[in-house]
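Chain A is the first sequence line, chain B the second, and so forth, proteins listed ahead of strands; every chain is numbered from 1.
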Amino acid sequence: MVRREKLAKLQAEGRDPFAMVTWKQTHHSEEIKRKFEELENKDVSIAGRVMSFRDIGKAAFIDLQDRDGRVQVYLNAEGLGDEAYAHVKTWDLGDIVGVEGFVFKTRRGEISVHAKRMVLLTKAIEPLPEKFHGLKDPEQRYRRRYLDMVMNREVMDTFRKRTQVIRAVREYLDDIGYIEVETPILSTIASGAAARPFVTKSNALNLQLYLRIATELYLKRCIVGGMERVYEMGKDFRNEGIDIRHNPEFTMIELYQAYADYNDMMELCENLCAYAATKVCGSTKVSYQGTEIEFAAPWRRLTMVDAVKTYGGPDFSIVQSDEEARELARAHGLEEELKKKLKDCTKGDILNAAFEKYAEKELIQPTFIMDYPTDISPLTKQKPGDPTMTERFEAFVYGRELGNAYSELNDPIVQMERFTQQSKERELGDDEAYMLDEDFVSSLEIGMPPTGGMGIGIDRLIMFLTDSYSIRDVILFPTMKPL
RNA sequence: GGGCCGUUAGCUCAGCUGGUAGAGCAGCAGACUCUUAAUCUGCGGGUCGCAGGUUCGAUCCCUGCACGGCUCACCA
């Protein structure tokens, strides 16, 4: 282990790099290049990681990488002194160093810093991956994200954009009077969505607790309390499969607005996404996996029934009964799409299955699919005049669900009936049926104004705005099995 | 959970019909005062993911396991 020996030698000589505490960073790499005219021949003090070292004898060039990028450092014995120059030559790729010197342009025209003083700030005792091909192994990139960030700079860009997206969303909502809150992650009831929860235990209370799968029921309590416009952006946890667009812990925003309905939520959704796209990408047009996506409002609006018909499925508008719907399911080979046995399925279940089979994949440009069956929407207000359907929409982009919203059910009696129905589903073996939250129903008894609510998968929005193929590419440390 | 694929030096990858391994970069020693995947000379570096099996002999063929990728299922 050569590097450990070098470290020991440095320590023996009283120049332990791990004893360094601060370094004055007056400039960053890209700034020096951007402001060359004003900085030429001026002194700067920079710091970063040595990414390459081109030693040509009595002079050498270093590529120094900092937060923003890289800048070349030129060093020779005249600039540093013979002893210091010889010392710097013992440093390794990956070491973190501080450089003081003046800005100049090499004969080849590269803006560089001519070193007058160099200090080893931290020793890298393990070598970096190969300088040209970098770190490619996806497993190593996810497990050792720090190495991925050092070697693959586009990763850094993605995560900086992630922050910008989150900031843009907050900015937009704060500006129109929303209040950001924090609600419990640990709870005795995991409800508000159809998903299996993670289970944990409180020692103090000797109690089984769940990690939240949604923030919905707490945020609606805030509406009951009179906040009028409220949101929470944070992690939800769902104990489900892991794939290209699902991670067990993921970032969701849920927002609720009193005196609004799902039409208002559609406008908010399209405006919010367009705002974030403009802020982060400079345009409402975004290229995703080679396809141009236009986020500008208004987005296409289509009912679920019309979507199924449009994309080659059966016409559910003329279906009167569950039995008729089951006939259609048999005729169109939808049995495989259904989660339950066909005889237990309602018209709503079958419509949803037909939508997933025929329409979902086709919804590339941002589209609101409106009016979901009541059976699969237990927290949603029914459509006036049609109790089998609700005022709910989901937003689809590139065939993927981006958000879900509805006119919130605020009738406590009906809400209780819906929970009772969910409990029956649970008894039938559906362990993703909604858990009953009695205190939430109690809050509705106090009175929740008519309210529109929406949830948007923040990771997925970030995927679209950073052209990331997998959700793991927008989560710094995705869930992995231990080795 | 099913299917397909992958796992060889620190990294990126070769390795034929089975005969216990190679390259580039990185590292080490040296040369070089404008290089930028610097160049040139020389040198060192491996539990071939793990465990079994077949075979005179396994990185290679077979089985199981682990981890990962893609995909299907599942997933507001």
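Comparing the C1' positions of B:U12 and B:U7 gives an interatomic distance of 14 Å, to the nearest angstrom. B:G57 and B:A14 have their C1' atoms separated by 24 Å, given to the nearest Å. Nucleotides B:G19 and B:G42, compared at atom P, are 30 Å apart to the nearest Å. The P atoms of B:U47 and B:C43 are separated by 22 Å, rounded to the nearest whole Å. With C1' as the reference atom, B:A58 and B:U20 are 8 Å apart, rounded to whole Å. Between B:C61 and B:C70, the distance separating the two P atoms is 25 Å to the nearest Å. Look at the P atom in both B:U59 and B:U8: the space between them is 15 Å, to the nearest Å. The gap from the C1' atom of B:A21 to that of B:G1 amounts to 38 Å, rounded to the nearest Å.
For A:D243, taking side-chain heavy atoms from C-beta onward, the closest of the listed nucleotides B:C34, B:C70, B:C74 is B:C74. Of the listed nucleotides (B:U36, B:U71, B:C11), B:U36 has the atom at the smallest distance from the side chain of A:D63. Which of B:U71, B:C74, B:C25 sits closest to the side chain of A:R196 comes down to B:C74. For A:H246, the listed nucleotide lying nearest its side chain is B:C75; candidates were B:G27, B:G68, B:C75. Closest to the side chain of A:I56, out of B:U33, B:U36, B:U71, is B:U33. Listed nucleotides: B:U33, B:C67, B:A37. Nearest to the side chain of A:F132: B:A37. Side-chain proximity of A:E110 to the nucleotides B:U36, B:U12, B:G68 is greatest for B:U36. For A:Q72, taking side-chain heavy atoms from C-beta onward, the closest of the listed nucleotides B:C11, B:G69, B:U36 is B:U36. Proximity note for A:P138 (side chain, C-beta onward) versus B:U33, B:U12, B:G69: the nearest is B:G69. Among the nucleotides B:C67, B:G10, B:U33, the one closest to any side-chain atom of A:L483 is B:C67.
Both distances falling under 3.5 Å, in either a Watson-Crick or a G-U wobble arrangement, place B:G22 opposite B:C13. Nucleotide B:U55 is matched to nothing when pairs are restricted to Watson-Crick or G-U wobble geometry with both distances under 3.5 angstrom. The partner of B:C60 cannot be assigned: no Watson-Crick or G-U wobble pair with both contacts below 3.5 Å exists in any strand. Pairing of B:U33, defined by two Watson-Crick or G-U wobble distances under 3.5 Å, is not identified with any nucleotide. Base pairing analysis places B:G45 opposite nothing; no Watson-Crick or G-U wobble pair with both distances below 3.5 Å involves it.
In this structure, CH2 of A:W91 is placed 19 Å from C1' of B:G27, rounded to the nearest angstrom. Put simply, NZ on A:K9 is 12 Å from P on B:C28, counting in whole angstrom units. Counting to the nearest Å, the P atom of B:C74 and the CG atom of A:D431 are 14 Å from each other. As a whole-Å value, the separation of A:E360 CD from B:C74 P is 12 Å. The CD1 atom of A:I62 sits 13 Å away from the P atom of B:A38 (whole-angstrom rounding). What separates NZ of A:K131 from P of B:U12 is a distance of 16 Å, to the nearest Å. At whole-Å resolution of the value, CG in A:D137 and P in B:G68 are 11 Å apart. Following rounding to the nearest Å, A:E139 (CD) and B:G68 (P) show an atom-to-atom distance of 6 Å.
A:L128 comes within 4.0 angstrom of no nucleic acid atom, judged by non-hydrogen atoms across all strands. Heavy atoms of A:G403 sit under 4.0 angstrom from at least one base atom. Nucleic acid contact for A:E216: none, since no nucleic acid atom lies under 4.0 Å from a heavy atom of the residue. Across all strands shown, A:D55 has heavy atoms under 4.0 Å from base atoms, whether or not it also approaches the sugar-phosphate. Residue contacts for A:R70: at a heavy-atom cut-off of 4.0 Å it reaches no nucleic acid atom on any strand shown. Looking at heavy-atom distances under 4.0 Å, A:M480 makes contact with sugar-phosphate atoms alone, never a base.
Between the side chain of A:Q72 and the main chain of A:F61, no donor-acceptor pair closer than 3.5 Å is present. Side chain of A:E240 to main chain of A:R196: a donor-acceptor pair is present (N/O by atom type, distance under 3.5 Å, no hydrogens or angles).
One N or O donor and one acceptor, one from the side chain of A:Y74 and one from the base of B:U33, sit under 3.5 Å apart.
Seen from the ring of A:Y218, A:R221 counts as a face-on cation partner, given the 6.0 Å and 45° thresholds. Figure legend: cation-pi geometry between A:R392 and A:Y372, with NZ or CZ positioned under 6.0 Å from the six-membered ring centre and within 45° of its axis.
Each of A:R472 and A:E240 lies near RNA chain B, and the nucleotide nearest A:R472 is the one positioned closer to the 5' end. Residue order along RNA chain B, read from the 5' end via each residue's closest nucleotide, puts A:F104 first among A:Y469 and A:F104.
Look at A:K9 and A:E5 and you find no salt bridge, because none of the NZ, NE, NH1 or NH2 atoms lies under 4.0 Å from a carboxylate O.
In summary, of the residues considered (A:R34, A:K33, A:E30), a side-chain contact (heavy atoms from CB on, under 4.5 Å) with A:D68 occurs for A:E30 alone. Test A:F368, A:F355, A:Y311 against A:F396 for ring pair (Phe, Tyr, Trp, His ring centres under 6.0 Å) and you get one pass: A:F355. Exactly one residue among A:N404, A:T390, A:N352, A:D371 makes a side-chain contact (heavy atoms from CB on, under 4.5 Å) with A:S377. That residue is A:T390.
The side chain of A:R143 contributes an N or O atom lying less than 4.0 Å from OP1 or OP2 of B:G68.
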### Task
Go through the steps to decide whether A:E391 and A:Y406 satisfy the test side chain to side chain donor-acceptor pair (under 3.5 Å), and finish with yes or no.
CA-CA 6 Å; A:E391 290 202 341; A:Y406 28 92; over 6 Å; no
